[in-house]
Structures are given as C-alpha cells and as structure tokens.
There are 2 protein chains.
Amino acid sequence: MPWKDGTGPPWLQGKFKGCGYRLTVPRQAILDVLNSTTEHLSAEDTYLKVHKVHPAIGLTTVYRTLELLVQTGMVFKFDFGDGRARYELSEGPKGIGHHHHLVCTGCGRIIDYTDFIDEEVELLKRTEKGLSKKYNFKITNHMIQFHGLCEKCQ
Amino acid sequence: MPWKDGTGPPWLQGKFKGCGYRLTVPRQAILDVLNSTTEHLSAEDTYLKVHKVHPAIGLTTVYRTLELLVQTGMVFKFDFGDGRARYELSEGPKGIGHHHHLVCTGCGRIIDYTDFIDEEVELLKRTEKGLSKKYNFKITNHMIQFHGLCEKCQ
DNA sequence: TTAATAATGATAATCATTATCAATAAGAAA
DNA sequence: TTTCTTATTGATAATGATTATCATTATTAA
C-alpha cells in the first residue's frame, strides 16, 4: 500500500508526495510532533501534542496518518507490551537516530541505546542478505529489543 | 511477579512449582498445547485447542495462564502486528527450538528461521554484557524480527 | 478432615483501534 | 480563477482483544 498506484519500490522511506499522497496540514503537523521528540509516542500521545497546536485535528486522523507513515516507511511502529502501539520517526538504519531498545518488563521503561549498534547492524546486514536469498524475502526493516529489569526494578 | 513471595531471581525460566505456583490441570493442558505445536498461537487459538480436550477450561484461564507463563519466562509473547498477542514456548536462547522471525508486512505470514542464529546469539551475548553494565539492566531475553515482504507479496 | 488460600470460569467492563459516512480540502482540468 | 473529481478529514459508533469482578471450586497445609 505504500505507493498508491501499486508501483515503485515499496517500503523505501521517502517523501509523501513522491508516493502520491498529499502532504496536508494534519499530516505535516503529525510529522512535526514526531520530529520534535525523542519519546516513544502512542497514538493518543501524538494526538494530544498535535491538539495543542491544531485543536481541530482529530484522533482518527492521527491513527490514520501514523499508519500511513508506517506503511511508507517513514515511521516505525513498536509494541513494548503496554497495550498500545508506539511510534518513532525512522531515520533509516544508517541514520543518525537509529537505535535499539531495552524494555523493562517491570515498570515498562524504555531505554534507547546506540552502543554496539554498528556491530549489530553489520551482522544484521549479513543476516539479511542470507535470509533474503534463502526465503526469497524482501527485508525492509529490522527490530531488536532486549527485555529485562531496569536498575530500579531489579 | 514471577516469584510469589517476591524473592528469588526473577525471570529465570523454571518449573512452575519451583516458583510457588500450582501445576493444575488447566495449566498443564495449556502447556501441552504449546508444547505440541510450532504455530504461533494467539490466546484464542490456544483456547480452542485446549477446549477440544478439556471443554471446561475457560478463555479467561487461558489468558491468565499464558500471562503467568510469560512472567515466569516459560513462554515468549510476540506482537506480529495483527492485533493479537502470540505465544511460543521458550526453550532458552541456547535451546534447540530457539529461533527468530521474519514478519511479512503484506500478508502477516511469519517465518521462523534458525539460520545465522549462532552468530546472532553470540553477538547478542556480547551486546548484552555491555548493555547490562552500562545501563545496569538485567537482561533476560532478546527479540529479533525482520520485517519485509514474503515471496508472494513482493 | 478441616481450614486457609489459590485457581477457575462466567460475565461484564475496559480501552485501543477501526469502520462509517457526510463534510471539507486539494489538485487537475477547463 | 472556477469547476470538477477525488482524497482527506473528523465525529460517531462499532469492533474485538484483553482485564476486572466475584462467587465457586480445587489444592495444599495443618
């Protein structure tokens, strides 16, 4: 669904317009919110932040837009086990902001880490190559999480 | 919540009784179901399978038991993006059954792979060690998923 | 066996996410 | 620009997975 006409290489992150979608005020506003935080916003979190600036934008639109952003590869969607999805602007696996997560199963705290990312990404690259070939699977994204207990919860 | 009295090293996978929980018929039945499949069962899937043998066991108990199994580390809980949680018996990172997942974002198909697992796990071990130290985080589990399009969906 | 407590199951409640649909906004064509 | 066509939006209702409640039953300890 990333490209409306069904053509083009899907799952590449790219500009809205390049994908045939309109870059409307609500969509821009939602992107702005995502772009100005390092938090792991839920749909409602996002809605509340958007709402402060654009009270007319509804929750439904936020859900819809986030989903669209996920589909076009501009946003990553995570499940940290607290019953609601979390969204983060993706900056590409080699992007500055790329990181992985530590998830505390005690209190739900999320720690972003970038340590070892290079090694991890390098291994993942190799793994991806092998898996793509073996399973004829077009890999567009990866996800690594460590689960455990944070300092406080131990 | 793994140990009822709050003591003992949490998150270690272990026997029910060792954790102070009763190994009842429903719990045994649920474990049996999980142990006799390679599918990624949802709570309801599990309920239906359990129900065939033990019609008296309710859905609530299945949910409760699965959660308990997750908490004690005997079962892994996954979110593959289809709106319901999936459960798999964990056999430990070095266990025979340990694998990672390819998730097709087109049709939702899940492919288990064990290729490259050794390399991956070895790197994860090292990473874990570093992260544990730096963030004082007690890591008990990891999760790797690759997202993309399967053969059919490309 | 009995007492104390944990576990169960039917039911209702919760709550994140989706579907619906009329109203509006954006881009294309004239 | 003005009109036309279609995409987008937002309020509302609906869905559906998961949880909370609570009386009943099963399990262990005494």
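A note on names: the letters A, B, ... follow the listed sequences, proteins ahead of strands, and every chain is numbered from 1.
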Quiz item: Of the non-hydrogen atoms in A:Leu149 and A:Gly106, which two are nearest, and what is the gap between them?
Solution: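 Heavy atoms only, the tightest pair is CD2-N, 3.7 Å.
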Practice problem: Looking only at non-hydrogen atoms, find the nearest pair between A:Glu120 and A:Phe146 and report the distance. | Solution: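 In terms of heavy atoms, the two residues are closest at OE2-CE1, 4.2 Å.
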Quiz item: With no hydrogens and no angle check, is any side-chain donor or acceptor of A:Ser132 less than 3.5 Å from a backbone partner on A:Glu128?
Solution: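 Confirmed, A:Ser132 side chain pairs with A:Glu128 backbone.
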To the nearest Å, how far apart are [X] [atom1] and [N] [atom2]?
{"X": "A:Glu67", "N": "D:dT8", "atom1": "CD", "atom2": "P", "result": "15 Å"}
{"X": "A:His51", "N": "D:dG10", "atom1": "NE2", "atom2": "P", "result": "11 Å"}
{"X": "A:Arg22", "N": "D:dT6", "atom1": "CZ", "atom2": "P", "result": "11 Å"}
{"X": "A:Arg27", "N": "C:dA26", "atom1": "CZ", "atom2": "P", "result": "11 Å"}
{"X": "B:Tyr21", "N": "C:dT5", "atom1": "OH", "atom2": "P", "result": "17 Å"}
{"X": "B:Arg84", "N": "D:dT19", "atom1": "CZ", "atom2": "C1'", "result": "17 Å"}
{"X": "B:Leu23", "N": "C:dA6", "atom1": "CG", "atom2": "P", "result": "17 Å"}
{"X": "A:Leu66", "N": "D:dG10", "atom1": "CG", "atom2": "P", "result": "13 Å"}

Ion pair [X]/[Y], N-O distance below 4.0 Å:
{"X": "A:Arg84", "Y": "A:Asp79", "result": "no"}
{"X": "B:Arg126", "Y": "A:Glu119", "result": "yes"}
{"X": "B:Glu88", "Y": "B:Lys77", "result": "no"}

Self-check item: Within residues 53-64 of chain A, residues whose heavy atoms come under 4.0 Å of DNA chain D
Solution: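 Only A:Ala56, A:Ile57, A:Gly58, A:Thr60, A:Thr61, A:Arg64 qualify.
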Practice problem: For DNA chain C, find the residues of residues 34-48 of chain B with a heavy-atom distance under 4.0 Å and give them by number; none if there aren't any. | Solution: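 Heavy-atom contacts with DNA chain C come from no residue of residues 34-48 of chain B; none.
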Quiz item: Judged by modelled atom types alone, do A:Asp115 and B:Tyr135 share a side-chain donor-acceptor pair under 3.5 Å?
Solution: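 Short answer, yes.
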Quiz item: What residues, two or more places apart in sequence or in another chain, satisfy ring pair (Phe, Tyr, Trp, His ring centres under 6.0 Å) together with B:Phe80?
Solution: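 Partners of B:Phe80 by the ring pair (Phe, Tyr, Trp, His ring centres under 6.0 Å) criterion, ordered by chain and then number, come out as B:His40, B:Phe78, B:His101.
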Quiz item: For C:dT8, does either OP1 or OP2 sit under 4.0 Å from a side-chain N or O belonging to B:Thr24?
Solution: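 Answer is yes, contact under 4.0 Å.
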Quiz item: Hey, do the aromatic rings of B:His100 and A:His142 have their centres closer than 6.0 Å?
Solution: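 Here the rings of A:His142 and B:His100 have centres that are no less than 6.0 Å from each other.
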